[in-house]
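Notes to accompany the following structure.
Per chain, numbering begins at 1; letters A, B, ... match sequence-line order.
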Amino acid sequence: MSSPTDARYSPQAIEAKWQTAWDAAEVFKARRDPARPKYYVLEMFPYPSGRIHMGHVRNYTMGDVVARYKAAQGFSVLHPMGWDAFGMPAENAAMEQGGHPKDWTYGNIAVMRDQMKPLGLSIDWSREFATCDPEYYGQQQAMFIDMLEAGLVYRKNAVVNWDPVDMTVLANEQVIDGKGWRSGAEVERRELTQWFFKISDYSEELLEALDGLENWPEKVRLMQRNWIGQSRGLQFAFSTIDAPEGFDRIEVYTTRPDTLLGVSFVAVSPDHPLAKQLERHDAEVAAFVADCRKIGTTEEALEKAEKKGFDTGIRVRHPFNNELELPVYIANFILMDYGTGAIFGCPAHDQRDLDFARKYGLPHPDVFFALDKDEPVETLAFVPPKTERVRYLRGFAGEEIQTGEQAVEAAIAFCESQGVGHGVTKYRLRDWGLSRQRYWGCPIPIVHCETCGVVPEAKANLPICLPDDVSFDQPGNPLDRHPTWTRCTCPKCGASARRETDTMDTFVDSSWYYARFTSPRAPTPTEREEADYWMNVDQYIGGIEHAILHLLYSRFFARAMVKTGHLPESAKEPFDALFTQGMVTHEIYTTRDDKGRAIYHLPEDVEDGKLKATGEPVRIIPSAKMSKSKKNVVDPVNIISAYGADTARWFVMSDSPPERDVEWTSAGAEAAFKHLARVWALSERIAEMEEGAPSEADTDLMRAMHTAIADVTKSIENFAFNKAIAELYAFNNTLSRSTASGAAQKTAMRVFAQLMAPMVPHLAEDIWARQGGAGLVAQAPWPKADPAMLVQDTITLPIQINGKRRSEIEVPADLAKEEVEKLALADDAVVRALEGRAPKKLIVVPGRIVNVVI
RNA sequence: GCGGGUGUGGCGGAAUGGUAGACGCGAGGGUCUCAAACACCCUUUCCGCAAGGAGUGUCGGUUCGACUCCGACCACCCGCACCA
């Protein structure tokens, strides 16, 4: 080996050096430059949990590859970073360890920023903010007031999880098996008056606009489509018999009015006004309803719970058959939030209704049969797709064969003509409840005045800052029991009044941060010129777990910002392209506390299945998404200090395709480091070479180089970073074995550095400089592949016999089909297989394959 | 329970309906070395000495040809509106 003894790849020195150089040149500062096209790359900003983990490294490296690649393509790039800093963990930490959520949060941010910076991400740190900065949430309060005035905010009652021992509202994740996570008390459903955003005003628009999001994954659009849940159905009222006063009618909504003649019962939600009315005077009803309210507030809990009903004794008349009286049940699986909170049951064609009917001995008359069968329903409901043709026995037009869809429309038309209800379009999407009875969130800028009622704060008084003097030694919302903070003046009449103590859902914070990044220090939520230039986000990158809520709320919020004048009309769909990366998974380690509840432990605190500190054995739960609450997070800091940031970046981008989950393993990090060290050594060797005389090997190397440019470029464009890396490996193999002249190898090495720069920017920068590249590789234009160098003269055509590969032939790339056929038929394997017969069929796919069918 | 997704060697994975296993890891063999590390070369889907055969979660279908498209099933993952 000719390399000098001191020549060694030392990332620590290289990385610090180039990060300093980038900072000095302000390479990553986003500049509004009307002369250049802009590109806005955004990764979902992190929650400051305390330390970065491999999921962050993977997520932010992906964005960085895109940002650096686009910069090389000549775009003016905006690539910012901030912190989704409000939320429960800060309050939990305050309760567990003492201290203040603010100190905990800002402390975590400082640590994580320090951990992130050595990664060498091309971020414009001058735009950084945290959502818990008063400068940020004050602007959010201003928008809340604007939205209130625009009719997009209102108050109504909604149910929450109530812990009767701790006297506090619980989040769904704090309810475990129906019990409070701290107190262990049975959780109750309780109604509170809460603030709501009118996202339902936009149901139809949010649904229709999904079609325009062509650069979003189809699965995300489908999930949102189903979540919004448009349905067409019939709404009508049953008239009641023996019902309490004011309940002479029960409104129901059904998507299957074609089954109205197969109805055998009516059921209402336990939260339905009728149930509430009966509950007041009937102990049995009260007991049943109370029982229903023990089921959690989640749809999942409701769906999984055993289906139960209570016969109220009330009857309704069938709208088309006065003789027929149907029982009215209160049923635990009916949602008050959907439709009218009341349904009719057609057991023959709905499994849940059938189970219910069988349980309570109700009939289940068939409405239609399959075309080829006429067996009455017994234990399995007959629920064919609505597009399938079936034979109606109890349709509105007698015995008729039609699809469910046709029958539904016909039924609606018939019912309307008879004056029984009307066809309506409904959505599953519910309004967005934003009230949280918690401290660490954006205060809702509202004042409750005895004379004026509910009054928005004056904008001049914003931001309404959270008070610092709070304690977390007792459960509940510290704002609610604060002695002075709640006292304020009514902005309307000047009388003394009480401040709203609810804070905002943290989803509000993350619904507009992308817009704030365009002018993070502005005295208004956004600045028109900046928003006009930078919006929309050209590429948004984040986890699939945000497919519905965060992304749907952001889409709504952008529209609300358009309506209130904070964003241009063109920004109502804020994310032009979306990429959902897979999650980084890891095993979970738990022990139990004295009450049997799970305590989670960090991987770094566990060794050989035992806690390092106490030796207590831990339970190992199979890999799951890395999450701060489960503490199954891996610390990348160790990898970076041992091998450098480029190794960490290279490793997380290689192997797994970015959209798929990856299980963290330390095995590959060493290998990634060795590879980068080999590349560095190769560059040293090439740098020492003489220029030399051109040879045929030069042409081969240049062909390989242009192929690499074309392949890597395409792979990065397609978000196939693992393939880009595989192609870089292949080019490395070619280059390191090349016998081309020094001049050619130097050229190839410089291009190699450019191609790997998005993934390993520090190493690329070092090689670029060593090979005499001009300026910084971070600012060099992306290389272009010469199409002439990609053309191949001869190709290998595989020959299949009956679809199985049996042979191959070398042919000129542009050989005529007839010639290929002749050559194929002359091939030994083909001659042997044909045994003198003619082939049944001969398929030649030019440039791809030949298939001989015998 | 409902909605969405994923499934390919020992491992991560590659493959516009056209040579299944690119590239990497690991493993085995070799060169170099006093030795080790590093580096380099070769082998590596399975069965078989070979010829050959089988093979992309399972079962079926469409096609000249299926990892790819369709249907059913199994397993795992994500979401289910107060985790972020």
Pair R225(A)-E218(A), salt bridge (charged side-chain N to carboxylate O under 4.0 Å, His left out): steps then yes or no
CA-CA 10 Å; R225(A) 201 167 282 134; E218(A) 185 52 45; 3.7 Å; yes
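- For the pair R428(A) and E299(A), the salt-bridge criterion is met [side-chain N within less than 4.0 Å of a carboxylate O].
- In this structure, CZ of R430(A) is placed 7 Å from P of rA81(B), rounded to the nearest angstrom.
- One interatomic measurement links the two molecules: CD of Q437(A) to C1' of rC82(B), which rounds to 8 Å at whole-angstrom precision.
- An anti base is found at rG5(B): its glycosidic angle is more than 90° from 0.
- Atom NE2 of H550(A) is separated from atom P of rC83(B) by 16 Å (rounded to the nearest Å).
- V850(A) comes within 4.0 angstrom of nothing in the nucleic acid, heavy atoms only.
- The pair D505(A)-R436(A) meets the salt-bridge criterion, since a charged nitrogen lies less than 4.0 angstrom from a carboxylate oxygen.
- Mapping I548(A) and Y729(A) onto RNA chain B by nearest heavy atom places Y729(A) closer to the 5' end of the strand.
- Proximity of the aromatic rings of Y136(A) and Y513(A) is defined here by a centroid distance below 6.0 angstrom, and this criterion is not met.
- Rounding to whole angstrom units, CZ of residue F673(A) and P of rC38(B) are separated by 12 Å.
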Would you give a per-nucleotide map of nucleotides 4-16 of chain B, 5' to 3', where B means the base has a protein non-hydrogen atom under 4.0 Å away, S means only the sugar-phosphate does, and - means neither?
SS-S----BSSSB
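- Distance from the side chain of I849(A) is smallest for rG18(B) among the nucleotides rA20(B), rG18(B), rA81(B).
- Taking the six-membered ring where the residue is Trp, W680(A) and Y9(A) present tilted rings, their angle falling between 30° and 60°.
- Within residues 794-801 of chain A, the residues that place at least one heavy atom under 4.0 Å from RNA chain B are, in residue-number order, P798(A), Q800(A).
- Once rounded to the nearest 0.5 Å, the distance linking CD1 of I843(A) with CZ of R848(A) reads 15.5 Å.
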What dot-bracket string describes RNA chain B from 5' to 3', counting Watson-Crick and G-U wobble pairs whose defining distances are under 3.5 Å, with [ ] for crossing pairs and | for pairs to another strand?
(((((((..(((.....[....)))((((((.......))))))(((....)))..(((((..]....))))))))))))....
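- Ring centers of Y729(A) and W650(A): under 6.0 Å apart, within the cut-off.
- Residue T298(A) places none of its side-chain N or O atoms closer than 4.0 Å to OP1 or OP2 of rC80(B).
- Side-chain rings of Y137(A) and F86(A) approach one another, their centers coming within less than 6.0 Å.
- Using a 4.0 Å cut-off between a side-chain N of Lys or Arg and a carboxylate O of Asp or Glu, E191(A) and R293(A) do not qualify as a salt bridge.
- With respect to R189(A) and D271(A), a salt bridge is recorded, a charged nitrogen being found less than 4.0 Å from a carboxylate O.
- When heavy atoms are screened at a 4.0 angstrom cut-off, W227(A) is found touching base atoms of the nucleic acid.
- For the pair H675(A) NE2 and rA39(B) P, the computed distance is 12 Å after rounding to whole Å.
- T501(A) and D480(A) are linked by a side-chain donor-acceptor pair at a separation below 3.5 angstrom, with hydrogens and angles left out of the test.
- Closest non-hydrogen pair, F197(A) versus V508(A), comes out as CE1-CG2, 3.8 Å.
- Where R737(A) and N161(A) each meet RNA chain B at their nearest nucleotide, the meeting point lying more 5' is that of R737(A).
- Rounded to an integer number of Å, the gap from L335(A) CG to rC80(B) C1' is 11 Å.
- Looking at heavy-atom distances under 4.0 Å, G543(A) makes no contact with the nucleic acid at all.
- Remark: C1' of rG26(B) and CZ of F651(A) are 13 Å apart, rounded to the nearest angstrom.
- Between the P atom of rC23(B) and the CH2 atom of W650(A) lies a distance of 14 Å, rounded to the nearest Å.
- OP1 or OP2 of rA81(B) lies within a sub-4.0 Å distance of a side-chain N or O belonging to N172(A).
- I725(A) comes within contact range of no nucleotide atom at all, as no heavy-atom separation falls under 4.0 Å.
- H550(A) and Y540(A) have tilted rings, their planes meeting at an angle from 30° to 60° on a 0 to 90° scale.
- The same atom, C1', is picked in rG12(B) and in rA81(B); the two are 36 Å apart, to the nearest Å.
- Within 4.0 Å (heavy atoms only), S510(A) reaches no atom of the nucleic acid at all.
- Among the protein residues, F507(A) comes within range of the nucleic acid bases, having at least one heavy atom under 4.0 Å from a base atom.
- At a threshold of 4.0 angstrom between heavy atoms, the contacts of D337(A) with the nucleic acid are absent.
- In the interface, the side chain of E545(A) is not paired with the base of rC80(B) through any donor and acceptor atom under 3.5 Å apart.
- Dashed line: the shortest gap from a side-chain N or O of R438(A) to OP1 or OP2 of rC82(B) is not under 4.0 Å.
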